[in-house]
Amino acid sequence: DEIAAFQARFVTEFAGLGEEVEDVGNEVLNSISISKVYEDRQNFIKQTAWEGHLVGVNLAAGEFGSSDGVLYTDYTYPTNDELDYYHSKGIQIIRLPFKWERLQRDLYAPLWEQDLNLIKGLVTHATGLGMRIILDPHNYSDRDGQEIGTITAPWAAWEDFFTKLATEFKYNPLVIFLTCNEPTKT
């Protein structure tokens with residue numbers, strides 16, 4: 001099929017560079033390591049974009065470190081300059097991972113303004129460039145090591161978090177929500 005052919009061509013073109021090809025719903029997100037985007041690959045990126053495929057990067061950031069980590073010490077988020085760079089290279093979609101615990105410090109609490117405002121700024125900047133952005137609560141189906149659906153991380157709390165997150169971005173059609181990265185238990 002068309003997607004399988006594209007994936008095979010992508011893997012062949014970038015063989016040995018360590019990229020991942022991920023299926024995101026009906027769209028293909030091609031995560032290319034930051035250090036692996038070469039100038040001589042731009043024709044390939046432009047060709048695939050023309051064919052209707054989305055070419056993107058995963059900007060790992062807010063999912064690292066302990067849940068109570070300190071911003072810019074234990075974890076960070078990408079900058080607008082990074083988004084500008086990838087946009088200039090033909091990248092059309094960004095996956096932005098973060099921890100649920102980092103964005104909502106306590107169950108059922110309001111979203112944590114510090115991280116929320118950083119994410120909102122990145123979303124505004126990326127979508128202002130015409131890029132799509134995938135918001136990725138990168139939790140592997142748990143919260144602080146407790147499986148979602150248990151007493152310490154109930155489904156109602158996950159629903160509360162996701163409702164609050166979706167409400168913040170509901171009017172932006174270029175925002176995509178990844179509901180659970182690599183569920184391992186649930």
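In what follows, residues are counted from 1 in the order of the sequence shown. Because the structure is a prediction, the values reported are computed rather than measured.
A donor atom on one side chain and an acceptor atom on the other are not found under 3.5 Å apart for D81 and T79. With hydrogens and angles left out, the side-chain atoms of Y85 and N80 include no donor and acceptor closer than 3.5 Å. Under the 3.5 Å distance criterion, with hydrogens and angles disregarded, a donor-acceptor pair is assigned to the side chains of D160 and Q104.
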- Message: side chain to side chain contact (heavy atoms under 4.5 Å, CB included), that's the test. Do L178 and L135 meet it? Break it down for me.
- Response: CA-CA 6 Å; L178 183 60; L135 298 181; over 6 Å; no

- Task: Check step by step if side chain to side chain contact (heavy atoms under 4.5 Å, CB included) holds for R143 and E101.
- Result: CA-CA 7 Å; R143 179 182 170 92; E101 303 88 334; 3.6 Å; yes

- Using the side chain to side chain contact (heavy atoms under 4.5 Å, CB included) rule, take L107 and T152 through it: C-alpha gap first, then chi angles, then the decisive distance, then the call. CA-CA 9 Å; L107 296 178; T152 55; over 6 Å; no

- Message: With side chain to side chain contact (heavy atoms under 4.5 Å, CB included) as the criterion, how do F98 and N139 come out once you've worked through the C-alpha distance, each side chain's angles and the decisive distance to 0.1 Å?
- Response: CA-CA 8 Å; F98 53 86; N139 283 74; over 6 Å; no

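Side chain of T167 to backbone of T163: a donor-acceptor contact under 3.5 angstrom is found.
Taking CD1 from I148 and OG from S141, the interatomic distance works out to 6.0 Å, rounded to the nearest 0.5 Å. Rounding to the nearest 0.5 angstrom, the gap separating the CG atom in N58 from the CD atom in E63 is 7.0 Å. Of the inter-residue distances, the one linking D136 atom CG with K99 atom NZ reads 12.5 Å to the nearest 0.5 angstrom. Taken to the nearest 0.5 Å, the OH atom of Y86 stands 15.0 Å off from the CD1 atom of I93. The line from CD1 of I134 to CD1 of I94 is 9.0 Å long, rounded to the nearest 0.5 Å. Between the CG atom in D84 and the NE2 atom in H125 there is a gap of 3.5 Å [rounded to 0.5 Å].
Cluster annotation: W112 is not connected to L116 through the hydrophobic network of ILVMFWY side chains, with a link wherever side-chain heavy atoms come within less than 4.5 Å. One hydrophobic cluster, built from ILVMFWY side chains closer than 4.5 Å, cannot hold both W100 and F64; they sit in different ones. Two different hydrophobic clusters hold V70 and Y75 under the rule that ILVMFWY side chains link at heavy-atom gaps under 4.5 Å. L111 and Y77 fall within a single hydrophobic cluster, where Ile, Leu, Val, Met, Phe, Trp and Tyr side chains are chained together by heavy-atom contacts under 4.5 Å.
Annotation: side chain of H87 is in contact with side chain of M131 (closest heavy-atom distance under 4.5 Å).
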Distance-only donor-acceptor pairs under 3.5 Å for side chains of residues 168-177, two or more places apart:
residue	atom	partner	partner atom	Å
E168	OE1	K120	NZ	2.9
N172	OD1	L174	N	3.0
N172	ND2	T127	OG1	3.1

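What you find for A126 and I133 is that their closest heavy atoms are CB-CD1, 4.4 Å. A pairwise comparison of heavy atoms in P97 and H138 identifies CB-ND1, 3.6 Å as the closest pair. When every heavy atom of L122 is checked against every heavy atom of P78, the shortest pair comes out as CD2-O, 3.2 Å. Counting all heavy atoms, side chain and backbone alike, I91 lies closest to V57 at CG2-N, 3.9 Å. Of all heavy-atom pairs between Y108 and A157, the closest is OH-N, 3.3 Å. R105 and R102 make their closest contact through NE-O, 3.2 Å (heavy atoms, listed as atom of the first residue, atom of the second, distance).
By the side chain to side chain contact (heavy atoms under 4.5 Å, CB included) test, T124 is found to be paired with no residue, residues two or more places apart in sequence or in another chain being considered.
Ring geometry for W158 against F161 counts as tilted: the plane angle lies between 30° and 60°, on a 0 to 90° scale.
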